[in-house]
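Notes to accompany the following structure.
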Amino acid sequence: MIDTTTILLKSIISALLKELFGDHDILIDLQETRKEFKGNVTLVVFPFLKISKLSPEATGDLIGSRLLERSEEVKTYNVVRGFLNLTLTDQVITKIFDEIKRTNDFGLKKLDSSLPSAMIEYSSPNTNKPLHLGHIRNNLLGDSISRIVKSSGRNVIQVQIINDRGVHICKSMWAWKKFGDGETPKTSGIKGDHLVGKYYVLFDKEYKRQINESILNGTDLEEAKKTVPCILEVQKMLLDWESGDSETVELWTKMNTWVYSGFEKTYERLGIVFDKNYYESETYILGKKDIKGGLESGVFYRKPDNSVWIDLSSEGLDEKIVLRKDGSSVYITQDIGTAIQRFKDFEIDSLTYVVGNEQDYHFRVLFLILEKLGYDWAKKMRHLSYGMVDLPTGKMKSREGKVVDADDLMDEMESAAKEMSIELGKSQSFNDSESEKLNKVLGHGALKYFILKVDPKKKMIFNPEESIDFNGNTGPFLQYTHARISSLINKSGSQVDYDWDQFELNEKERNLIILISKFPQRIKAAASDLNPSIIAAHLYELARGFNGFYQQHSVLNAETASIAAFRLDLCKEVAAVLNSGLYLLGIQAPKKM
RNA sequence: GGUUCCGUAGCUCAGCUGGAUAGAGCAUCUGCCUUCUAAGCAGACGGUCGCGCGUUCGAAUCGCGCCGGAAUCACCA
């Protein structure tokens, strides 16, 4: 496509330079011409000044004029300072367009079953509270990256590990026993995950109350945190659970089941799926025997108190404990075991974790340990480390109820979409169930695009007071552009055949074709950087380009029947890329809105 | 304190393997719906790219040093 043209041009230029100035080893820097200048590709001529012995302008001019004579690809050129801007011939551009037209699902590669699968882990919630905006970012990133990697031809296995075990869930259990009075999702009408979350918050209140009380009795804060009755009872509960105490396990099962059914509803609304769920209650024992193996091979060492460590100071990190002195696991022990287990469970050659950047250190250590244990796949482990979503007031804290709840947010987005469509007078042409469906699609589109258009690495601040936009660089703008084109296609009758020599392309058409042709490169970049925002930015540029074209040129009533037929084809390809690109972001593209 | 990341328009963000006059959206203002969907288009306004020094023909981009913010450095997960 456009990149093959660039490669071709590079070789022509390289030969030309040799002829003009003799042998050299200067890199040819061909880049996309920036929007504000005329042309399609740009050669930066500064590096050649020392061999041309001419001014930047004269050098550009010389190369440009020779290129014009010599290459069928170059139509015109202009030189601005040291930049030689080349405009490609219609011949090149129409060839590119023919190629795009011939390709089904342009940009998306077919699944190559001979390649090993990639595993992507995301979401990984705790079962003591409902999902919030932070999880939404995690889920959307995991889902979108899975789609992007899939569409670059590899099968993807999407997994989550559910943190169903530990003190946190015991806290909810304790509070439910104490204050719950037998309340269930059924009796209360509260969604299961929210109900369990409610008791988690209740525990925290009670915990704080007991701490204060204890301090009043003269205990210091740190001591109080550890010795207050409720925390001791929670720890006892955890031990009971570990020893399989039937009453505790029963309560644990009951409350987790509530949570799962709640999560399921939220995932379904978000359009999130998993191929396999791992449960920490099943995996937390993994890893211990791998530590034993590593001890024998000398990767780990035992301290006098019997705890097991690894020394990573030669890698610029610290010493890290991997087994406590009583032989019990720490967090990283499980992760070592779980990673190894996954490579046994599935035929995968890579494992990507979508986890917040607060765990950067943990993953550096984890990957290093696995590498030292001799697993060659360790080199292909990646951490998609994304920035936190903060509120204007600071971090979200579920214990204090300072969170943007995932379900609430989706409700708000749906009703905002509804208000918007009523305000714009668009709702008349739909019946109730149609507009309800559409409002969901648009509200979710706005939310997903809002999150995914920003670079995952960067933290983002979400202000619940200001609602997410539906105008400008937004999901609904892309959806709208798609709907507009769909409507055009719908209205078009039968089209004539056209030949490229029957008309010339205008500037907007040329640019649209080039933009479309860049879609595959963008997907490739998004896959290798684990960055969906590259797709988002490309779709926005395309939609903006299309709307400019649409405003200025009529499609169905074009100057000639041939032009009309070509423009309709062009519209179809724009719509196809919008549709595919939105799909990669997990956003639906409506045909009407 | 060590390590890592971040600092671009009033706000939210692009641009960062060095390249042109630093781009979008929101907000504010001006135009454009008796021809294909105005959730749109065209334009105006808005910038010491945190600060300084260095490397370079050329620095928002690379290096060093400051300033400001965040995360992490748990026998928590």
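These figures come from a predicted structure and were not determined experimentally. A note on names: the letters A, B, ... follow the listed sequences, proteins ahead of strands, and every chain is numbered from 1.
For the P atoms, the distance linking B:rG1 with B:rG19 amounts to 35 Å, nearest Å. The C1' atoms of B:rA60 and B:rA77 are separated by 39 Å, rounded to the nearest whole Å. Rounded to whole Å, the separation between the C1' atoms of B:rU3 and B:rG43 comes to 49 Å. To the nearest whole angstrom, the two C1' atoms, one in B:rU30 and one in B:rA71, are 46 Å apart. Using P as the reference atom, B:rG18 and B:rU61 are 11 Å apart when rounded to the nearest Å. Taking atom P in both B:rA14 and B:rC66, the straight-line distance is 28 Å, to the nearest Å. Taking atom C1' in both B:rA27 and B:rA9, the straight-line distance is 12 Å, to the nearest Å. Taking atom P in both B:rG52 and B:rC75, the straight-line distance is 43 Å, to the nearest Å.
Residue A:S492 is out of contact with every strand shown, counting any heavy-atom pair closer than 4.0 Å. Across all strands shown, A:N128 has no heavy atoms under 4.0 Å from either base or sugar-phosphate atoms. A:P56 comes within 4.0 angstrom of no nucleic acid atom, judged by non-hydrogen atoms across all strands. Across all strands shown, A:E541 has no heavy atoms under 4.0 Å from either base or sugar-phosphate atoms. Across all strands shown, A:D455 has heavy atoms under 4.0 Å from sugar-phosphate atoms exclusively, and none from any base.
Secondary-structure annotation of RNA chain B gives the stems B:1-7 with B:67-73, B:10-13 with B:23-26, B:28-32 with B:40-44, B:50-54 with B:62-66, with a stem taken as at least 3 successive Watson-Crick or G-U pairs whose two distances both fall under 3.5 Å.
For A:I563, the side-chain contact (heavy atoms from CB on, under 4.5 Å) criterion is met by A:F503, A:A558, A:E559, A:T560, A:R567, not counting sequence neighbours. Partners of A:Y331 according to the ring-ring contact (aromatic ring centres under 6.0 Å, His included) rule, which considers only residues two or more places apart in sequence or in another chain, are A:H362. Residues satisfying the side-chain hydrogen bond (donor to acceptor under 3.5 Å, both in side chains) test with A:N511, not counting sequence neighbours, are none. With sequence neighbours left out, the ring-ring contact (aromatic ring centres under 6.0 Å, His included) criterion links A:Y200 to no other residue. Qualifying ring-ring contact (aromatic ring centres under 6.0 Å, His included) partners for A:Y550, counting only residues two or more places apart in sequence or in other chains: A:F546. Under the ring-ring contact (aromatic ring centres under 6.0 Å, His included) criterion, A:F363 pairs with A:Y353, A:F367, A:H383, not counting sequence neighbours.
Checking side-chain atoms of A:S307 against main-chain N and O of A:K325 turns up no donor-acceptor pair under 3.5 Å.
Distance, A:M460 CE to B:rA71 P: 18 Å, rounded to whole Å. One can place CD1 of A:I461 at 21 Å from P of B:rC26, the figure rounded to the nearest angstrom. Distance A:E32 CD to B:rG23 P: 16 Å, rounded to the nearest Å. Between the P atom of B:rC13 and the NZ atom of A:K458 lies a distance of 9 Å, rounded to the nearest Å. Rounded to a whole Å, the CZ atom of A:R34 is 12 Å from the C1' atom of B:rA14. As a whole-Å value, the separation of A:F83 CZ from B:rG18 P is 14 Å. Atom CG of A:D529 and atom C1' of B:rC16 are 12 Å apart (whole Å). Atom CD of A:E319 is separated from atom P of B:rC75 by 11 Å (rounded to the nearest Å).
Looking only at side-chain heavy atoms (C-beta outward), A:M173 and A:W252 come within less than 4.5 Å of each other.
Between the side chain of A:D305 and the base of B:rC75 there is at least one donor-acceptor pair of N/O atoms closer than 3.5 Å.
Set against B:rC75, B:rA77, B:rA20, the side chain of A:Y331 has B:rA77 as its closest nucleotide.
Applying the 5.5 angstrom centroid cut-off and the 30 degree plane-angle cut-off, the aromatic ring of A:F46 is stacked upon the base of B:rG19.
The residues A:E280 and A:R165 are annotated as salt-bridged, a charged nitrogen and a carboxylate oxygen being separated by less than 4.0 angstrom.
Checking A:N531 against A:L317, the closest nucleotide of RNA chain B that is more toward the 5' end is the one next to A:L317. Sequence order on RNA chain B of the closest nucleotides to A:K325 and A:L84 puts A:L84 first from the 5' end.
Under 4.0 angstrom from either OP1 or OP2 of B:rC75 there lies no side-chain N or O belonging to A:K303.
If you check the side chains of A:R484 and A:N547, you find a donor sitting under 3.5 Å from an acceptor.
For residues 448-459 of chain A, the side chain to side chain donor-acceptor pair (under 3.5 Å) pairs, not counting sequence neighbours, are A:Y449-A:N473.
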Checklist outcome for this item: With sugar-phosphate taken as primed atoms, P, OP1 and OP2 and all else as base, the protein-contact string of nucleotides 27-45 of chain B at under 4.0 Å (heavy atoms; B, S, -) is ---------BBSBBS----
